[in-house]
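One structure below.
Reminder, nothing fancy here: chain letters follow the sequence lines and each chain counts from 1.
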2 protein chains.
Amino acid sequence: MLLKFTDMRGRDLNKVDLVKLNAMELLVRTGFEGFTMNKLAKECKISVATLYIYYKDKDDLILQIGMEEGKRMSDIMLENFDPEVSFEEGLRQQWKNRAKCMLENPVSARFLELLRSSSYQEQIFNCIAGNFKPTLGKFMHNAINRGEINPMSLDVYWSVAFAPLYNLIRFHNEKRSIAGQAFVLTDKVLWETFGLVLKALRK
Amino acid sequence: MLLKFTDMRGRDLNKVDLVKLNAMELLVRTGFEGFTMNKLAKECKISVATLYIYYKDKDDLILQIGMEEGKRMSDIMLENFDPEVSFEEGLRQQWKNRAKCMLENPVSARFLELLRSSSYQEQIFNCIAGNFKPTLGKFMHNAINRGEINPMSLDVYWSVAFAPLYNLIRFHNEKRSIAGQAFVLTDKVLWETFGLVLKALRK
DNA sequence: ATTATAAATGAATAAATATTCATTTATATT
DNA sequence: AATATAAATGAATATTTATTCATTTATAAT
C-alpha cells in the first residue's frame with residue numbers, strides 16, 4: 001500500500017527512468033551472468049540502496065521492468081492496426097510496425113528476447129501474448145472466414161507469419177549472419193521476405 | 001598440454017558425462033540466474049573440486065559443454081542429408097531431421113537456445129553456423145541454379161525455411177501457446193506447416 | 001523560515017558463490 | 001605386492017553480490 005502524504009519529497013522520475021534504461025542495457029550487454037545490482041547502480045551513478053527504494057529486490061526489478069517494456073513494445077506494435085482490413089494489408093501493416101519498433105528499439109528487443117529464455121519467461125510471455133491475442137486472433141479468423149487463407153491454429157499462423165521476420169531482425173540487431181559478414185536488414189530484403197511469407201499463407 | 005603417463009588413474013568417463021547432462025539440465029531448469037558450481041556438484045553427487053579437474057572454471061565448463069553439444073546436435077541434423085537431391089526432397093529431409101533431433105533432445109534444444117541469448121552466444125553460434133554453412137549453402141545454391149527457387153541470401157533462406165519450425169518446436173517443448181492450452185506439435189501440424197513453407201520458397 | 005515526510009545516500013553486513021588445498025583413493029604398470 | 005600417478009574429495013578460503021541501516025538531503029505545505 002502506498003500512502004500519499006501531502007508534504008513529501010517526490011521521487012526523481014528521471015532517475016527512475018535512468019534505472020530502467022541502464023538495467024536493460026546492462027542485461028543485454030552482459031547477460032544474466034554479468035548483471036548485478038551494484039554494477040547497475042554504478043552505471044546509473046546512484047547508490048545501490050536507491051534501487052531498493054524503487055524495487056523490492058533484484059527479481060522484482062527485472063520482472064517489473066520486463067512487464068512494463070513488454071507492454072510498451074506490444075502496444076507500439078498494435079498501433080494503427082485494424083483487424084478488419086484485408087489480409088494482405090493487415091499483414092503488411094504488422095510487418096511494418098514490428099520491424100520499425102524492433103529496429104528503433106534494439107536494446108528493448110534484445111532485452112525481451114533474453115527474458116524469453118529465462119526463468120521470468122512465463123510471466124512476461126503471458127503478459128505479451130495476452131496483449132496480442134485478441135486483435136491477432138480476430139484478424140486471423142476474419143481472414144479465414146473471408147477465404148483469404150486456409151484454416152490453421154493461431155500458433156502455426158504466428159510461426160509462419162512472424163518467426164522469419166523476428167529472425168531477420170535478430171540477425172540484424174546482433175550484426176550476425178549465417179554467411180560471413182554482418183547481415184543488414186534493408187527495406188528491399190524486408191519486403192521481399194514479406195512477399196515470400198504472404199505467398200505461404202495466402203490461398 | 002595433456003601429458004599421458006603410463007601408470008595413471010583414468011578419468012571416470014561416466015562421471016564426466018554425468019556432469020555434462022546435469023549441467024545442461026540445471027541450466028535449463030534454473031536459467032543462468034540459478035546455475036552455480038556448488039549446485040551442479042550436488043546434483044551430480046560429486047565434489048565441487050572435481051568440476052575444477054574437468055574444467056578450468058565456470059565459463060570454461062559452460063562454453064566447452066555448449067560447443068560439444070552444438071557440434072553433436074548439428075551433426076545429427078545433417079545426417080542422411082545429400083545437398084544434391086531435389087529442393088523439395090532436401091527441405092523435407094531437413095525438417096524431418098531437425099524436428100526429430102529437437103523433439104528427442106528437448107533439454108539440449110533448450111540449452112542451446114539459452115546459450116544463444118547469452119554472452120557465450122558468439123562462440124557457440126559461430127561453431128554451429130560454421131558446421132551447417134557448407135552443406136546448407138551448397139543445397140540452396142543448387143536449388144537456385146536448377147531454377148527451383150528464386151535467388152536470395154542464405155540468411156533470408158534460413159529465416160523462411162527454418163524459423164517457423166524452430167518456433168513450433170519451442171512452443172511444443174515449453175508447453176506454451178499463443179492461445180490458452182499447451183501447444184502440441186503433431187505430425188499432422190508439422191507437415192502442414194512444411195507445406196506452407198515449401199509454397200513460400202518454391203517458384 | 002520551519003517542519004514533516006519520504007527520497008537518496010555511503011558504508012556496512014550478510015549471504016551466496018567461485019575457487020583452492022591438503023589428503024585420500026583408485027588404478028595401471030613394474 | 002609395491003609404486004607411481006593422477007583422480008577425487010571434504011573442508012576451507014577468497015571473492016563477489018544482494019540487501020540493510022543509520023544519516024543526510026530535498027521538497028511540498030504551513
- [ ] Figure out the CG/P separation between B:Asp12 and C:dT25, and round it to whole Å.
- [x] 17 Å

Task: Distance in angstrom units between A:Tyr54 OH and C:dT9 C1', rounded - done: 11 Å

Open item on the list: How about NZ on A:Lys199, more than 12 heavy atoms from neighbouring residues, nucleotides or ligands closer than 6.0 Å, or not?
Closed with: yes

Task: Whole-Å distance separating the CG atom of B:Leu13 from the P atom of D:dA6 - done: 17 Å

TODO: Assign a letter to each nucleotide of nucleotides 17-24 of chain C from its 5' end: B, base within under 4.0 Å of a protein heavy atom; S, sugar-phosphate only; -, no contact.
DONE: SBBBB---

Open item on the list: Whole angstroms only, please: what is the CG-P distance between A:Asn14 and D:dA26?
Closed with: 16 Å

Task: Neighbour count >12 (heavy atoms, 6.0 Å) for atom NZ, B:Lys58 - done: yes

TODO: Start with the C-alpha gap between A:Arg170 and B:Ser159, add the side-chain angles, then the distance that decides, and say whether side chain to side chain donor-acceptor pair (under 3.5 Å) holds.
DONE: CA-CA 10 Å; A:Arg170 190 166 181 178; B:Ser159 300; over 6 Å; no

- [ ] In whole angstrom, give the distance that lies between atom CG of A:Leu61 and atom P of D:dT17.
- [x] 16 Å

Open item on the list: Rounding to an integer number of Å, can you tell me how far B:Ile46 CD1 sits from D:dA11 C1'?
Closed with: 16 Å

Listing, residues 62-72 of chain B side-chain donor-acceptor contacts under 3.5 Å, not counting sequence neighbours, or none:
{"from": "B:Glu68", "atom 1": "OE1", "to": "B:Lys20", "atom 2": "NZ", "distance (Å)": "3.0"}
{"from": "B:Glu69", "atom 1": "OE1", "to": "B:Lys20", "atom 2": "NZ", "distance (Å)": "3.3"}
{"from": "B:Glu69", "atom 1": "OE1", "to": "B:Arg72", "atom 2": "NE", "distance (Å)": "3.3"}
{"from": "B:Glu69", "atom 1": "OE2", "to": "B:Arg72", "atom 2": "NE", "distance (Å)": "3.3"}
{"from": "B:Glu69", "atom 1": "OE2", "to": "B:Arg72", "atom 2": "NH2", "distance (Å)": "2.8"}
{"from": "B:Glu69", "atom 1": "OE2", "to": "B:Ser108", "atom 2": "OG", "distance (Å)": "2.5"}
{"from": "B:Lys71", "atom 1": "NZ", "to": "B:Asp75", "atom 2": "OD1", "distance (Å)": "3.4"}
{"from": "B:Lys71", "atom 1": "NZ", "to": "B:Asp75", "atom 2": "OD2", "distance (Å)": "2.7"}
{"from": "B:Arg72", "atom 1": "NH2", "to": "B:Asn105", "atom 2": "OD1", "distance (Å)": "3.4"}

TODO: To the nearest Å, give me how far apart CG (A:Leu51) and C1' (C:dG10) are.
DONE: 14 Å

- [ ] Scan B:Trp95, B:Trp158, B:Phe171 and name whichever one has a ring pair (Phe, Tyr, Trp, His ring centres under 6.0 Å) with B:Tyr166.
- [x] B:Trp158

TODO: Would you please confirm or rule out a distance under 4.0 Å between OP1 or OP2 of C:dT9 and any side-chain N or O of A:Lys15?
DONE: yes

Task: Partner residues of A:Phe139 under the ring pair (Phe, Tyr, Trp, His ring centres under 6.0 Å) criterion, sequence neighbours left out - done: A:Phe81, A:Phe87

